[in-house]
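Remarks on the structure that follows.
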Protein chains: 2
Amino acid sequence: MPTTDTLSTTFAALSDPTRRAILARLKIGAASVTELAEPFEMTLPAISKHIRVLERAGLVERGRQAQLRPCRIAAQPLQEVSEWIEHYRQFWEDRLDRLDEFLRDLQSRSKNHGRKKRSKDRNIRR
Amino acid sequence: MPTTDTLSTTFAALSDPTRRAILARLKIGAASVTELAEPFEMTLPAISKHIRVLERAGLVERGRQAQLRPCRIAAQPLQEVSEWIEHYRQFWEDRLDRLDEFLRDLQSRSKNHGRKKRSKDRNIRR
DNA sequence: GCATTGATTAACCATCCGGTTAATTAACCT
DNA sequence: AGGTTAATTAACCGGATGGTTAATCAATGC
(Lines give C-alpha, C1' and ligand atoms only; values in the text may rest on other atoms or scores of the structure.)
Protein backbone atom coordinates (compact mmCIF):
# COMPACT_ATOMS: atom_id res chain seq x y z
CA MET A 1 0.00 0.00 0.00
CA PRO A 2 2.11 3.04 0.93
CA THR A 3 5.88 2.89 0.70
CA THR A 4 5.49 6.06 -1.27
CA ASP A 5 9.04 7.29 -0.89
CA THR A 6 10.98 7.89 -4.07
CA LEU A 7 14.00 5.87 -3.17
CA SER A 8 11.92 2.77 -2.51
CA THR A 9 9.96 2.98 -5.74
CA THR A 10 13.11 3.67 -7.72
CA PHE A 11 14.97 0.72 -6.24
CA ALA A 12 11.92 -1.48 -6.71
CA ALA A 13 11.64 -0.46 -10.35
CA LEU A 14 15.31 -1.29 -10.89
CA SER A 15 15.11 -4.66 -9.21
CA ASP A 16 13.76 -6.34 -12.32
CA PRO A 17 16.15 -7.39 -15.10
CA THR A 18 13.56 -6.84 -17.83
CA ARG A 19 13.07 -3.29 -16.65
CA ARG A 20 16.79 -2.64 -16.52
CA ALA A 21 17.10 -4.04 -20.03
CA ILE A 22 14.39 -1.67 -21.19
CA LEU A 23 16.27 1.25 -19.67
CA ALA A 24 19.46 0.09 -21.33
CA ARG A 25 17.66 -0.05 -24.64
CA LEU A 26 16.31 3.46 -24.12
CA LYS A 27 19.80 4.77 -23.52
CA ILE A 28 20.43 4.47 -27.23
CA GLY A 29 17.26 6.29 -28.13
CA ALA A 30 13.50 6.57 -27.74
CA ALA A 31 11.36 3.62 -28.79
CA SER A 32 7.77 2.48 -29.06
CA VAL A 33 6.31 -0.23 -26.86
CA THR A 34 6.39 -2.92 -29.54
CA GLU A 35 9.96 -2.00 -30.35
CA LEU A 36 10.85 -2.36 -26.71
CA ALA A 37 9.00 -5.64 -26.45
CA GLU A 38 10.76 -7.23 -29.38
CA PRO A 39 13.85 -8.69 -27.72
CA PHE A 40 11.81 -10.37 -24.99
CA GLU A 41 9.86 -13.60 -24.95
CA MET A 42 6.98 -11.92 -23.32
CA THR A 43 3.57 -10.65 -24.33
CA LEU A 44 2.94 -7.00 -25.04
CA PRO A 45 0.80 -6.39 -21.97
CA ALA A 46 3.63 -7.64 -19.79
CA ILE A 47 6.00 -5.13 -21.31
CA SER A 48 3.35 -2.47 -21.08
CA LYS A 49 3.14 -3.10 -17.34
CA HIS A 50 6.88 -2.95 -16.93
CA ILE A 51 6.91 0.37 -18.70
CA ARG A 52 4.20 1.70 -16.45
CA VAL A 53 6.27 0.72 -13.43
CA LEU A 54 9.23 2.60 -14.86
CA GLU A 55 6.99 5.52 -15.66
CA ARG A 56 5.52 5.67 -12.17
CA ALA A 57 9.06 5.66 -10.84
CA GLY A 58 9.81 8.61 -13.08
CA LEU A 59 12.42 6.66 -15.01
CA VAL A 60 10.74 6.94 -18.39
CA GLU A 61 8.52 9.53 -19.94
CA ARG A 62 6.28 9.00 -22.88
CA GLY A 63 4.98 10.98 -25.75
CA ARG A 64 2.24 10.25 -28.19
CA GLN A 65 2.45 10.34 -31.94
CA ALA A 66 -0.18 8.64 -34.02
CA GLN A 67 -1.00 5.36 -32.30
CA LEU A 68 2.51 5.05 -30.92
CA ARG A 69 3.49 5.93 -27.37
CA PRO A 70 7.21 6.51 -27.72
CA CYS A 71 9.19 6.08 -24.51
CA ARG A 72 12.31 7.94 -23.62
CA ILE A 73 14.58 7.64 -20.64
CA ALA A 74 14.26 10.11 -17.80
CA ALA A 75 16.89 9.11 -15.34
CA GLN A 76 16.49 11.97 -12.92
CA PRO A 77 15.48 9.70 -9.99
CA LEU A 78 18.79 7.91 -10.39
CA GLN A 79 20.50 10.96 -9.06
CA GLU A 80 18.95 10.44 -5.65
CA VAL A 81 19.92 6.77 -5.74
CA SER A 82 23.44 7.72 -6.69
CA GLU A 83 23.70 10.13 -3.79
CA TRP A 84 22.29 7.58 -1.38
CA ILE A 85 24.73 4.97 -2.48
CA GLU A 86 27.72 7.25 -2.30
CA HIS A 87 27.30 7.39 1.45
CA TYR A 88 28.30 3.75 1.53
CA ARG A 89 31.30 3.98 -0.73
CA GLN A 90 33.78 3.84 2.12
CA PHE A 91 32.32 0.52 3.17
CA TRP A 92 32.93 -1.30 -0.05
CA GLU A 93 36.30 0.29 -0.45
CA ASP A 94 37.32 -0.74 3.00
CA ARG A 95 39.36 -3.66 1.86
CA LEU A 96 41.40 -1.42 -0.37
CA ASP A 97 41.74 1.01 2.48
CA ARG A 98 43.12 -1.69 4.65
CA LEU A 99 45.51 -2.89 1.99
CA ASP A 100 46.53 0.71 1.57
CA GLU A 101 47.15 1.04 5.27
CA PHE A 102 49.09 -2.19 5.28
CA LEU A 103 51.34 -0.91 2.54
CA ARG A 104 51.90 2.44 4.17
CA ASP A 105 52.54 0.63 7.39
CA LEU A 106 55.09 -1.63 5.76
CA GLN A 107 56.82 1.32 4.20
CA SER A 108 57.13 3.34 7.38
CA ARG A 109 58.24 0.25 9.24
CA SER A 110 61.11 -0.29 6.83
CA LYS A 111 62.14 3.33 7.27
CA ASN A 112 62.35 3.39 11.06
CA HIS A 113 62.69 -0.25 11.84
CA GLY A 114 59.48 -1.78 12.99
CA ARG A 115 57.88 1.18 14.74
CA LYS A 116 54.26 1.19 13.88
CA LYS A 117 52.98 4.56 12.84
CA ARG A 118 49.34 5.22 13.56
CA SER A 119 47.84 6.75 10.46
CA LYS A 120 45.26 9.26 11.52
CA ASP A 121 43.61 9.80 8.16
CA ARG A 122 41.91 6.47 7.74
CA ASN A 123 38.54 7.24 6.38
CA ILE A 124 39.92 7.83 2.97
CA ARG A 125 37.41 7.92 0.22
CA ARG A 126 38.48 8.39 -3.31
CA MET B 1 12.16 -18.38 -7.74
CA PRO B 2 14.92 -17.49 -10.20
CA THR B 3 15.96 -13.91 -10.82
CA THR B 4 19.25 -14.94 -9.32
CA ASP B 5 21.34 -12.09 -10.63
CA THR B 6 23.17 -10.00 -8.10
CA LEU B 7 21.96 -6.65 -9.30
CA SER B 8 18.32 -7.66 -9.00
CA THR B 9 18.64 -9.04 -5.49
CA THR B 10 20.65 -6.03 -4.38
CA PHE B 11 18.13 -3.55 -5.75
CA ALA B 12 15.29 -5.58 -4.28
CA ALA B 13 16.96 -5.61 -0.88
CA LEU B 14 17.39 -1.84 -1.02
CA SER B 15 13.81 -1.18 -2.07
CA ASP B 16 12.52 -1.38 1.49
CA PRO B 17 12.86 1.62 3.82
CA THR B 18 13.22 -0.54 6.92
CA ARG B 19 16.11 -2.36 5.32
CA ARG B 20 17.78 0.87 4.29
CA ALA B 21 17.34 2.16 7.83
CA ILE B 22 19.00 -0.96 9.16
CA LEU B 23 21.93 -0.42 6.83
CA ALA B 24 22.15 3.19 7.93
CA ARG B 25 22.21 2.07 11.53
CA LEU B 26 24.98 -0.43 10.77
CA LYS B 27 27.10 2.28 9.25
CA ILE B 28 27.82 3.54 12.73
CA GLY B 29 28.78 0.09 13.97
CA ALA B 30 27.81 -3.54 14.38
CA ALA B 31 24.68 -4.38 16.31
CA SER B 32 22.62 -7.30 17.54
CA VAL B 33 19.20 -8.11 16.13
CA THR B 34 17.29 -6.73 19.13
CA GLU B 35 19.37 -3.58 19.00
CA LEU B 36 18.52 -3.18 15.36
CA ALA B 37 14.86 -3.86 16.04
CA GLU B 38 14.55 -1.26 18.75
CA PRO B 39 13.76 1.86 16.71
CA PHE B 40 11.00 0.09 14.78
CA GLU B 41 7.41 -0.64 15.67
CA MET B 42 7.76 -4.14 14.44
CA THR B 43 8.15 -7.59 15.91
CA LEU B 44 11.50 -9.29 16.16
CA PRO B 45 10.74 -11.94 13.54
CA ALA B 46 9.97 -9.20 11.03
CA ILE B 47 13.35 -7.61 11.62
CA SER B 48 14.97 -11.01 11.54
CA LYS B 49 13.50 -11.56 8.09
CA HIS B 50 14.69 -8.18 6.87
CA ILE B 51 18.15 -8.98 8.06
CA ARG B 52 18.09 -12.29 6.27
CA VAL B 53 17.15 -10.51 3.05
CA LEU B 54 20.08 -8.16 3.51
CA GLU B 55 22.32 -11.10 4.30
CA ARG B 56 21.26 -13.05 1.23
CA ALA B 57 22.00 -9.95 -0.81
CA GLY B 58 25.46 -9.89 0.75
CA LEU B 59 24.84 -6.52 2.33
CA VAL B 60 25.35 -7.64 5.89
CA GLU B 61 27.44 -10.33 7.46
CA ARG B 62 26.95 -11.78 10.86
CA GLY B 63 29.03 -13.17 13.62
CA ARG B 64 28.08 -15.16 16.68
CA GLN B 65 28.98 -14.41 20.22
CA ALA B 66 27.07 -16.04 23.02
CA GLN B 67 23.40 -15.94 22.06
CA LEU B 68 23.87 -12.78 20.04
CA ARG B 69 24.20 -12.69 16.26
CA PRO B 70 25.91 -9.37 15.73
CA CYS B 71 25.39 -7.86 12.28
CA ARG B 72 27.84 -5.72 10.44
CA ILE B 73 27.61 -3.96 7.16
CA ALA B 74 29.19 -5.50 4.07
CA ALA B 75 28.48 -3.11 1.29
CA GLN B 76 30.48 -4.82 -1.42
CA PRO B 77 27.44 -5.44 -3.65
CA LEU B 78 26.84 -1.71 -3.70
CA GLN B 79 29.88 -1.34 -5.85
CA GLU B 80 28.20 -3.15 -8.71
CA VAL B 81 25.10 -1.02 -8.26
CA SER B 82 27.22 2.09 -8.27
CA GLU B 83 28.90 1.06 -11.48
CA TRP B 84 25.58 0.23 -13.10
CA ILE B 85 24.12 3.54 -12.16
CA GLU B 86 27.11 5.52 -13.35
CA HIS B 87 26.28 4.50 -16.88
CA TYR B 88 23.19 6.62 -16.59
CA ARG B 89 24.78 9.68 -15.10
CA GLN B 90 24.78 11.56 -18.38
CA PHE B 91 21.02 11.19 -18.55
CA TRP B 92 20.25 12.91 -15.31
CA GLU B 93 22.87 15.50 -16.01
CA ASP B 94 21.42 16.10 -19.42
CA ARG B 95 20.01 19.47 -18.60
CA LEU B 96 23.47 20.67 -17.71
CA ASP B 97 24.83 19.01 -20.81
CA ARG B 98 22.46 20.90 -23.00
CA LEU B 99 23.25 24.18 -21.34
CA ASP B 100 26.87 23.29 -21.83
CA GLU B 101 26.33 22.56 -25.48
CA PHE B 102 24.39 25.74 -25.89
CA LEU B 103 27.24 27.73 -24.47
CA ARG B 104 29.88 26.03 -26.57
CA ASP B 105 27.69 26.49 -29.56
CA LEU B 106 27.26 30.16 -28.83
CA GLN B 107 30.99 30.55 -28.43
CA SER B 108 31.98 28.85 -31.68
CA ARG B 109 29.26 30.71 -33.51
CA SER B 110 30.65 34.05 -32.41
CA LYS B 111 34.09 32.94 -33.55
CA ASN B 112 33.22 31.97 -37.12
CA HIS B 113 29.99 33.77 -37.59
CA GLY B 114 27.03 31.53 -37.31
CA ARG B 115 28.57 28.26 -38.52
CA LYS B 116 27.22 25.59 -36.31
CA LYS B 117 29.77 23.07 -35.17
CA ARG B 118 28.49 19.51 -35.00
CA SER B 119 29.67 17.87 -31.85
CA LYS B 120 30.14 14.20 -32.70
CA ASP B 121 30.29 12.70 -29.26
CA ARG B 122 27.06 13.89 -27.79
CA ASN B 123 24.60 11.01 -27.82
CA ILE B 124 21.77 13.23 -26.86
CA ARG B 125 18.55 12.44 -28.52
CA ARG B 126 15.10 13.44 -27.56
C1' DG C 1 -17.52 3.50 -42.50
C1' DC C 2 -14.39 -0.12 -41.67
C1' DA C 3 -10.30 -2.85 -41.30
C1' DT C 4 -5.55 -2.48 -39.38
C1' DT C 5 -2.02 -1.38 -36.23
C1' DG C 6 -0.42 -0.04 -31.56
C1' DA C 7 -1.18 -0.16 -27.00
C1' DT C 8 -3.94 -0.51 -22.76
C1' DT C 9 -7.46 -2.59 -19.68
C1' DA C 10 -9.76 -6.44 -17.48
C1' DA C 11 -9.89 -10.65 -15.37
C1' DC C 12 -7.45 -14.13 -13.71
C1' DC C 13 -3.54 -17.00 -11.67
C1' DA C 14 0.60 -18.31 -9.04
C1' DT C 15 4.09 -16.68 -6.40
C1' DC C 16 6.49 -13.47 -3.52
C1' DC C 17 6.56 -10.13 0.31
C1' DG C 18 5.99 -7.91 4.67
C1' DG C 19 3.91 -8.58 8.57
C1' DT C 20 1.74 -11.20 12.55
C1' DT C 21 1.59 -14.87 16.63
C1' DA C 22 3.16 -19.06 18.59
C1' DA C 23 6.55 -22.51 19.03
C1' DT C 24 11.44 -23.76 18.95
C1' DT C 25 16.44 -23.62 19.16
C1' DA C 26 20.73 -22.01 21.33
C1' DA C 27 23.61 -20.20 24.65
C1' DC C 28 24.10 -18.30 29.07
C1' DC C 29 23.58 -18.26 34.31
C1' DT C 30 22.90 -20.06 38.81
C1' DA D 1 18.84 -29.44 35.77
C1' DG D 2 15.94 -25.41 35.16
C1' DG D 3 15.20 -20.67 33.91
C1' DT D 4 16.27 -16.60 31.12
C1' DT D 5 17.58 -14.12 27.10
C1' DA D 6 18.44 -13.84 21.97
C1' DA D 7 17.07 -15.16 17.82
C1' DT D 8 15.03 -18.17 14.30
C1' DT D 9 11.40 -21.18 12.37
C1' DA D 10 6.64 -22.40 11.33
C1' DA D 11 2.21 -21.41 9.97
C1' DC D 12 -0.61 -18.20 8.45
C1' DC D 13 -2.67 -13.79 6.21
C1' DG D 14 -3.54 -9.98 2.96
C1' DG D 15 -1.79 -7.37 -0.60
C1' DA D 16 1.59 -6.57 -4.30
C1' DT D 17 3.95 -8.51 -8.51
C1' DG D 18 4.84 -10.72 -12.89
C1' DG D 19 2.84 -13.09 -16.08
C1' DT D 20 -1.06 -14.87 -19.13
C1' DT D 21 -5.34 -14.44 -22.58
C1' DA D 22 -9.18 -11.94 -24.27
C1' DA D 23 -11.41 -7.73 -24.93
C1' DT D 24 -11.22 -2.82 -25.66
C1' DC D 25 -9.68 1.85 -26.99
C1' DA D 26 -7.44 5.09 -30.29
C1' DA D 27 -5.46 6.68 -34.40
C1' DT D 28 -4.43 5.78 -39.39
C1' DG D 29 -5.44 4.58 -44.08
C1' DC D 30 -8.22 3.26 -47.47
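Reminder, nothing fancy here: chain letters follow the sequence lines and each chain counts from 1.
Between A/Gln65 atom CD and D/dA26 atom P there is a gap of 18 Å when expressed in whole angstrom units. Rounding to whole angstrom units, CG of residue B/Asp16 and C1' of D/dG15 are separated by 15 Å. The separation between A/Ile51 atom CD1 and C/dT9 atom C1' is 15 Å, rounded to whole Å. If you measure from atom CG of A/Leu68 to atom C1' of D/dC25, you get 15 Å, rounded to the nearest angstrom. Separating the CD atom of A/Glu35 from the P atom of C/dG6 is a distance of 10 Å, rounded to the nearest angstrom. Note: CG (A/Leu14) to P (D/dG18) measures 12 Å, nearest angstrom. Counting to the nearest Å, the P atom of C/dG18 and the CZ atom of B/Arg20 are 12 Å from each other. The distance between atom CZ of A/Phe40 and atom C1' of C/dA7, rounded to the nearest whole Å, is 17 Å.
Within the 4.5 Å cutoff, side-chain heavy atoms of B/Val60 are placed close to those of B/Leu23. Using a 4.5 Å cut-off on side-chain heavy atoms (C-beta onward), B/Trp84 and B/Leu7 make contact.
Ring orientation note: the planes of A/Phe11 and B/Phe11 are tilted relative to one another, at an angle of 30° to 60°.
Under 4.0 angstrom from either OP1 or OP2 of C/dC17 there lies no side-chain N or O belonging to B/Arg19. Put simply, A/Ser48 has no side-chain N or O that comes within less than 4.0 Å of OP1 or OP2 on C/dT9.
Rounding to the nearest 0.5 Å gives a distance of 5.0 Å between SG of B/Cys71 and CG of B/Leu36.
Here the shortest heavy-atom pairing between B/Arg62 and B/Arg69 reads NH2-O, 3.8 Å.
The pair A/Glu86-A/Arg89 meets the salt-bridge criterion, since a charged nitrogen lies less than 4.0 angstrom from a carboxylate oxygen.
Using modelled atom types, no side-chain atom of B/Ser48 and backbone atom of B/Leu44 make a donor-acceptor pair closer than 3.5 Å. Although no hydrogens or angles enter the test, the distance criterion places a donor-acceptor pair under 3.5 Å between the side chain of B/Thr10 and the main chain of B/Thr6.
Among residues at least two apart or in separate chains, side-chain hydrogen bond (donor to acceptor under 3.5 Å, both in side chains) pairs with a member in residues 17-32 of chain B are A/Asp5-B/Arg20, A/Ser8-B/Arg20, B/Asp16-B/Thr18, B/Arg19-B/His50, B/Ser32-B/Thr34, B/Ser32-B/Glu35.
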What nitrogen or oxygen pairs link the protein and nucleotides 20-26 of chain C at under 3.5 Å?
from: C/dT20; atom 1: OP2; to: B/Thr43; atom 2: N; distance (Å): 2.9
from: C/dT20; atom 1: OP2; to: B/Thr43; atom 2: OG1; distance (Å): 2.5

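The rotation axes computed at either terminus of the helix from C/dG1-D/dC30 to C/dT30-D/dA1 lie 10° apart, taking five pairs at each end and rounding to 10 degrees.
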